[in-house]
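Please read these numbers as outputs of a predicted model, since none were measured by experiment. So you know, we letter chains A, B, ... as the sequences are listed, proteins then strands, and number each from 1.
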2 protein chains.
Amino acid sequence: MALDHAILVSLLEKPGSGYELARRFERSIGYFWTATHQQIYRVLKRMESDGWVDVRDVPQQGRPDKKEYSVAGPGRDALSTWLHEPIEPESVRHDLAVKIRGAAFDDPAALISEVQRHRQAHTERLAHYLAGEARDFGEPPESGPLDAERELQHAVLRGGIAYERMMIAWLDDVLATLGRFRAGQ
Amino acid sequence: MALDHAILVSLLEKPGSGYELARRFERSIGYFWTATHQQIYRVLKRMESDGWVDVRDVPQQGRPDKKEYSVAGPGRDALSTWLHEPIEPESVRHDLAVKIRGAAFDDPAALISEVQRHRQAHTERLAHYLAGEARDFGEPPESGPLDAERELQHAVLRGGIAYERMMIAWLDDVLATLGRFRAGQ
DNA sequence: TGCATCATGTAATCAGTTACATGATTTT
DNA sequence: AAAATCATGTAACTGATTACATGATGCA
């Protein structure tokens, strides 16, 4: 149940409303975890009743009021406990790989455009990550004590970049393989 | 609902029992999709009642009898339909990345051993994939017509290998970053 | 005798997705 | 006037995980 923990980390980085969290899960923390607003509101409600987060009503002008959540002591403790527990190295789940193996029993060449679409999506994500890296980590910080939050966010982003580069290279490999079956062998 | 399709692909590659499928999902097709026997039996039952698979009782000596499943016409059609539908490029879900960003609010150095454990696991998986590649794809096939099943399985395996290599390199990067915070800064 | 492997299942719970629902404000 | 954005929620369903349950055979 790591959605709880992903939300706690995001709220520690910056308190915010359910809506704002949902937006962050489309970017930033969403690079490695996705969640919809329905999930987020449910979890926030549970964490609130468990005393893991505090809520504050924030009136706004020109916008509907919002509830700003921040991490409370017990939430911080729960996160700390989880951080010290070992987790299993997760296994991947690639629909596309199922399709590629399945293509052997259909027309392999028919998959080419689908793989190209995926390659395109990964190229766009890579560009997006690289732009974010240049914007947020382009300049070295004013030399002072090491900023753990910044450095660790950067390390995670570098993981996203490495992942997208690997995927693009692999999809090129797959395209070359599929190309050899053109015209239904 | 791609578990259905993953099972269909696996049964097309070779008919087998629920138990055998569960074993394959621990290796081979499990490189990119996981499923437990409970899930598999449930899906097989549903696909049987939908006429997607045929069942044959196979008596065995020295072992309990088994039910051997194979793909029927409607199952093949359902797979083909799915293969021609576009799917969304899936987003990753990395618990470890949540932990790494969360470590900024705890002791970053305390994560080092956890990251090392993950690095170890990925190193083992890589070795396992490379051994499988040498065993199954080491020698070029007797030159004849291109074997789509074999070539596409190999392409997927190369994806697994690329993924593990990328992860090991990234985890080394993360370890270097965490090391800079030793002694709780 | 006990443990591992082969073989198949049910039940309960938890997590995630999709659909539905409302309402204010701001921009086109 | 319509569409987009901000903001919060409920309900139903599907999928995945965990726990429970049984029973045969083979090996140490």
Side-chain angles (χ1 to χ4, degrees), chain A residues 1-8 11 15-27 29-30 32-50 53 55-69 82 87-95 98, chain B residues 1-8 11 15-27 29-30 32-50 53 55-69 82 87-95 98:
Chain A
M1 210 194 333
L3 175 56
D4 296 36
H5 306 111
I7 288 176
L8 289 171
L11 288 178
S17 67
Y19 186 83
E20 282 162 352
L21 283 169
R23 306 234 54 200
R24 289 184 212 169
F25 275 89
E26 284 167 9
R27 317 181 289 107
I29 214 152
F32 49 81
W33 200 278
T34 52
T36 58
H37 77 272
Q38 292 90 335
Q39 263 179 289
I40 291 166
Y41 284 119
R42 213 182 325 132
V43 171
L44 282 175
K45 183 162 280 185
R46 192 184 66 230
M47 292 202 294
E48 190 196 338
S49 74
D50 291 350
V53 293
V55 203
R56 196 168 64 92
D57 275 305
V58 179
Q60 298 185 114
Q61 308 102 299
R63 288 180 182 189
D65 297 351
K66 65 176 183 179
K67 295 185 188 175
E68 194 183 75
Y69 290 87
W82 178 71
I87 49 172
E88 281 309 299
E90 58 271 348
S91 32
V92 226
R93 197 157 283 199
H94 279 299
D95 297 64
V98 177
Chain B
M1 207 193 338
L3 175 56
D4 297 38
H5 306 112
I7 288 176
L8 288 172
L11 288 178
S17 67
Y19 186 83
E20 283 162 350
L21 282 169
R23 306 234 54 203
R24 289 184 213 170
F25 275 88
E26 285 168 8
R27 318 182 287 105
I29 213 152
F32 50 81
W33 200 276
T34 52
T36 58
H37 77 274
Q38 291 92 333
Q39 265 179 286
I40 291 166
Y41 284 120
R42 213 182 327 130
V43 172
L44 282 174
K45 184 163 280 186
R46 192 185 65 230
M47 291 203 293
E48 191 196 339
S49 74
D50 290 348
V53 293
V55 202
R56 197 168 63 92
D57 276 305
V58 179
Q60 299 184 113
Q61 307 103 300
R63 288 181 184 187
D65 297 351
K66 66 175 180 178
K67 296 184 187 174
E68 195 183 74
Y69 291 87
W82 178 71
I87 50 172
E88 280 310 297
E90 57 271 346
S91 32
V92 227
R93 196 156 283 199
H94 279 299
D95 297 63
V98 178

Write down the distance between CZ (B/Arg63) and C1' (C/dA4), rounded to a whole number of angstrom.
13 Å

Using atom names, set out every protein N or O paired with an N or O of nucleotides 17-23 of chain D below 3.5 Å, distance rounded to 0.1 Å.
residue	atom	partner	partner atom	Å
D/dT17	OP2	B/Gln39	OE1	3.4
D/dT17	O4	B/Arg42	NH2	3.1
D/dA19	N6	B/Gln38	NE2	2.8

Below 4.0 Å: OP1/OP2 of C/dT8 and any side-chain N or O of B/Ser17
yes

Using atom CG of A/Leu21 as one end and atom P of D/dC6 as the other, report the distance to the nearest whole Å.
14 Å

Contacts of type side chain to side chain donor-acceptor pair (under 3.5 Å), residue B/Asp95, not counting sequence neighbours
none

Is the shortest side-chain N/O distance from A/Arg23 to OP1 or OP2 of D/dC6 below 4.0 Å?
yes

Starting at atom CD1 of A/Ile40, determine the distance to atom C1' of C/dT17, rounded to an integer number of angstrom.
13 Å

For B/Tyr19, all residues meeting side-chain contact (heavy atoms from CB on, under 4.5 Å), sequence neighbours excluded:
B/Ser17, B/Arg23, B/Tyr41

Least distance between heavy atoms, A/Ile29 atom then A/Ala6 atom
CD1-O, 3.6 Å

Please enumerate all residues that pass ring-ring contact (aromatic ring centres under 6.0 Å, His included) together with A/His5, with sequence neighbours excluded.
A/Trp82

Whole-Å distance, A/Leu44 CG to D/dT10 C1', equals 16 Å

By side-chain contact (heavy atoms from CB on, under 4.5 Å), which residues pair with B/Ala22, not counting sequence neighbours?
B/His37, B/Ile40

A/Tyr19 vs D/dC6: side-chain N/O to OP1/OP2 distance below 4.0 Å:
yes

Which residues share a side chain to side chain donor-acceptor pair (under 3.5 Å) with A/Gln60, sequence neighbours left out
none

What are the two closest non-hydrogen atoms of A/Met47 and A/Asp4, and how far apart are they?
SD-O, 4.1 Å

Considering only D/dA7, C/dG9, D/dA16, which nucleotide approaches the side chain of B/Trp33 most closely?
D/dA16

Which of D/dT10, C/dA7, D/dT8 is nearest the side chain of B/Tyr41? It is C/dA7

So does B/Lys45 get a side-chain nitrogen or oxygen closer than 4.0 Å to the phosphate oxygens (OP1/OP2) of C/dT10?
yes

Of all the heavy-atom pairs spanning A/Trp33 and B/His94, show the shortest one and how long it is.
CE3-N, 4.1 Å

Side chain to side chain donor-acceptor pair (under 3.5 Å) involving B/Gln39 - partner list, sequence neighbours excluded
none

Per-helix bend value, the helix from C/dT1-D/dA28 to C/dT28-D/dA1, C1' rotation axes over five pairs per end, 10° rounding, shows 30°

Rounded to the nearest angstrom, tell me the gap between atom CG in A/Leu3 and atom P in D/dA16.
17 Å

Tell me: CZ of B/Phe25 to P of D/dG15, nearest whole Å?
15 Å

Short side-chain N/O contact from A/Lys67 to OP1 or OP2 of D/dG9, under 4.0 Å
yes

Rounded to whole angstroms, how far apart are CZ on B/Arg56 and C1' on C/dT8?
18 Å

B/Lys66 NZ to C/dT5 C1': how many Å, rounded?
14 Å

Under the side chain to side chain donor-acceptor pair (under 3.5 Å) test, residues paired with A/Glu26 that sit two or more places apart:
none

